[in-house]
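For ligands, and for the atoms within them, numbers begin at 1 and follow the listed sequence. Bear in mind the structure is a predicted one, so any value in this text is a computation, not a measurement.
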Amino acid sequence: MEKGNFTVGVFDSGLGGLSVLAACMRRLPDAKFCYLGDNEHAPYGALPEHAVRSLVLRGVKRLTEYGADAVVLACNTATVVCIEEVRRTFQVPVVGVEPAVKPAALRYLRVQVLATPLTARSARLARLISRFPEREFIVTPLPHLAAAIEEALPYGKRVDLQKELPPARGDCIVLGCTHYALLRREIAAFYGQEVFDGAEGTAERLADVLGMGNENHLRTLCNHERPRENLFGYHKKRVVFLGNSAKLNEVTYFTNICFQ
Ligand code: DGL
C-alpha cells in the first residue's frame with residue numbers, strides 16, 4: 001500500500017469518538033476515515049458487558065467490511081470490555097483509547113478520573129492507575145453525562161454541567177470517556193483545572209501502528225492554517241459516516257468538531 005493511503009475505521013457508541021476522529025485526522029493528513037457511531041444503543045457505559053461486546057463486534061465488522069485497514073476503538077468503554085476479543089476476531093490492527101492517566105500523573109499529585117460506570121470499575125483502569133503508586137487517584141463514575149451529551153450536542157443544546165459534574169476532588173481532571181472530550185473546554189472552565197483526554201495519544205498510537213510515527217508529526221499543524229472553506233471541503237472528502245445515524249454523526253462532526 002502506498003504510504004499514507006490508509007482507510008481507518010473509527011468506532012464509538014455514538015458521538016464521543018468524533019473527538020478521537022478529529023485528532024486522528026489532524027495526525028494523519030493523508031489517510032481516509034470511516035466513522036461508525038452506534039447512537040441507537042448509546043450509552044454503552046451502563047449496559048451489561050456482554051451487550052457491549054456484541055455491539056462492538058458488530059460495529060467493527062461493519063468497518064472492516066467497508067474496507068478499514070485499521071480500526072480505532074474510540075470508546076474507553078469498548079476498549080476496557082473487549083479490545084482483546086476484537087483483536088482476536090479481526091485481521092486488522094486495532095488501537096484502543098484509554099484515559100490519559102500518564103500525562104496527568106506526571107504533572108499532578110491528585111488525579112480525578114471521570115468515566116462511565118463500566119470503565120470506572122474496570123480492571124484495565126485499575127492496572128493503568130497502579131503504575132503510579134505515588135499518586136492519588138479519585139475515580140468518579142458518571143452514569144448520565146454521556147447520554148446528556150448525545151441528547152444535546154447534535155441539536156445545538158447545552159449540557160447542564162452544574163447538574164452532571166461532581167465537585168473537584170483532585171488537582172486535575174482526566175476525561176475517561178470520549179464523549180466528555182467533546183466538552184473539554186467547558187469542563188476545564190467548570191473546574192478551573194487542567195483537563196486531559198486520550199484523543200491525541202490515540203492518534204499518535206495509530207500513527208505508530210501504521211508505520212507513520214514522527215515523520216509526519218509537523219503536518220498536524222497544517223490544518224490550523226487552512227482557510228475555513230477549504231478546510232471544510234478537505235475534511236468532507238476524507239471521512240465517510242456509516243450506520244443508521246450517519247447523518248447525526250456527520251452533522252455533529254462538521255458543526256461542532258471539525259473547526260474547533
Ligand atoms: N464514548 C464512550 C467512552 O469513551 C462511551 C460512552 C457511553 O456510551 O456510555 O466510554
Side-chain angles (χ1 to χ4, degrees), residues 9-24 35-60 63 71-83 85-86 94-101 104 112-126 128-129 139-154 159 161 164-166 173-184 186-187 195-203 205-206 241 243-245 248-249 252-253 256-257:
V10 179
F11 179 80
D12 182 43
S13 63
L15 305 172
L18 295 171
S19 57
V20 181
L21 172 70
C24 293
Y35 184 88
L36 181 55
D38 185 17
N39 312 73
E40 284 96 327
H41 300 102
Y44 281 6
L47 293 178
E49 289 195 19
H50 67 85
V52 172
R53 192 170 292 119
S54 78
L55 292 167
V56 174
L57 289 169
R58 195 170 77 178
V60 173
L63 290 168
V71 166
V72 177
L73 289 186
C75 175
N76 294 265
T77 310
T79 304
V80 299
V81 169
C82 59
I83 190 165
E85 191 170 345
V86 173
V94 179
V95 174
V97 63
E98 54 182 32
V101 161
Q112 183 168 11
V113 183
L114 309 180
T116 66
L118 270 177
T119 301
R121 62 169 185 263
S122 67
R124 207 178 166 94
L125 179 60
L128 195 58
I129 282 174
V139 179
T140 317
L142 302 181
H144 307 299
L145 183 55
I149 291 170
E150 281 284 319
E151 282 157 25
L153 227 69
V159 175
L161 293 182
E164 300 294 341
L165 291 176
I173 299 288
V174 170
L175 303 178
C177 168
T178 54
H179 278 68
Y180 310 164
L182 299 175
L183 297 182
R184 189 193 158 104
E186 291 85 345
I187 294 174
V195 168
F196 297 84
D197 72 69
E200 306 296 333
T202 306
R205 178 84 196 108
L206 173 67
F241 291 87
N244 294 339
S245 306
L248 190 69
N249 296 317
T252 309
Y253 182 77
N256 292 290
I257 296 144

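With values rounded to the nearest 0.5 angstrom, Asp197 atom CG is found 13.5 Å from His179 atom NE2. For the atom pair CG of Leu55 and OG1 of Thr77, the computed distance is 12.0 Å after rounding to the nearest 0.5 Å. Atom CD1 of residue Ile173 and atom OH of residue Tyr180 lie 11.5 Å apart, to the nearest 0.5 angstrom. Between Leu145 atom CG and Leu175 atom CG the span is 9.0 Å, to the nearest 0.5 Å.
A 4.5 Å side-chain heavy-atom check between Arg58 and His41 finds at least one atom pair inside the cut-off. Between Tyr44 and Asp12, every side-chain heavy-atom pair lies at or beyond the 4.5 Å cut-off.
Atom numbering of ligand 1 starts at 1 in the shown order; those under 4.0 Å from a heavy atom of Thr77 are 3 (C), 5 (C), 10 (O). Each of the atoms 6 (C), 7 (C), 9 (O) of ligand 1 lies under 4.0 Å from some heavy atom of Ala146. Taking every non-hydrogen atom of His179 and a distance limit under 4.0 Å, the qualifying atoms of ligand 1 come out as 1 (N), 2 (C), 6 (C). Contact atoms of ligand 1 toward Pro43: 7 (C), 8 (O), 9 (O) (distance under 4.0 Å to a heavy atom of the residue). Counting the atoms of ligand 1 from 1 in the order shown, those under 4.0 Å from a heavy atom of Thr116 are 6 (C), 9 (O), 10 (O). Set against the non-hydrogen atoms of Asp12, the atoms of ligand 1 under 4.0 Å away are 1 (N), 2 (C).
Residue-to-ligand polar distances keep Thr119 apart from ligand 1: every N/O pair is separated by 3.5 Å or more.
Under the rule for a side chain to side chain contact (heavy atoms under 4.5 Å, CB included), the partners of Ala152 that lie at least two apart in sequence or sit in another chain are Lys157, Val159.
Of the heavy atoms in Ser13, only side-chain atoms (C-beta onward) come closer than 4.0 Å to ligand 1.
The protein heavy-atom contact nearest to atom 9 (O) of ligand 1 is Gly45 N, 2.8 Å. Looking only at protein heavy atoms, the nearest one to atom 7 (C) of ligand 1 is Tyr44 N, 3.2 Å.
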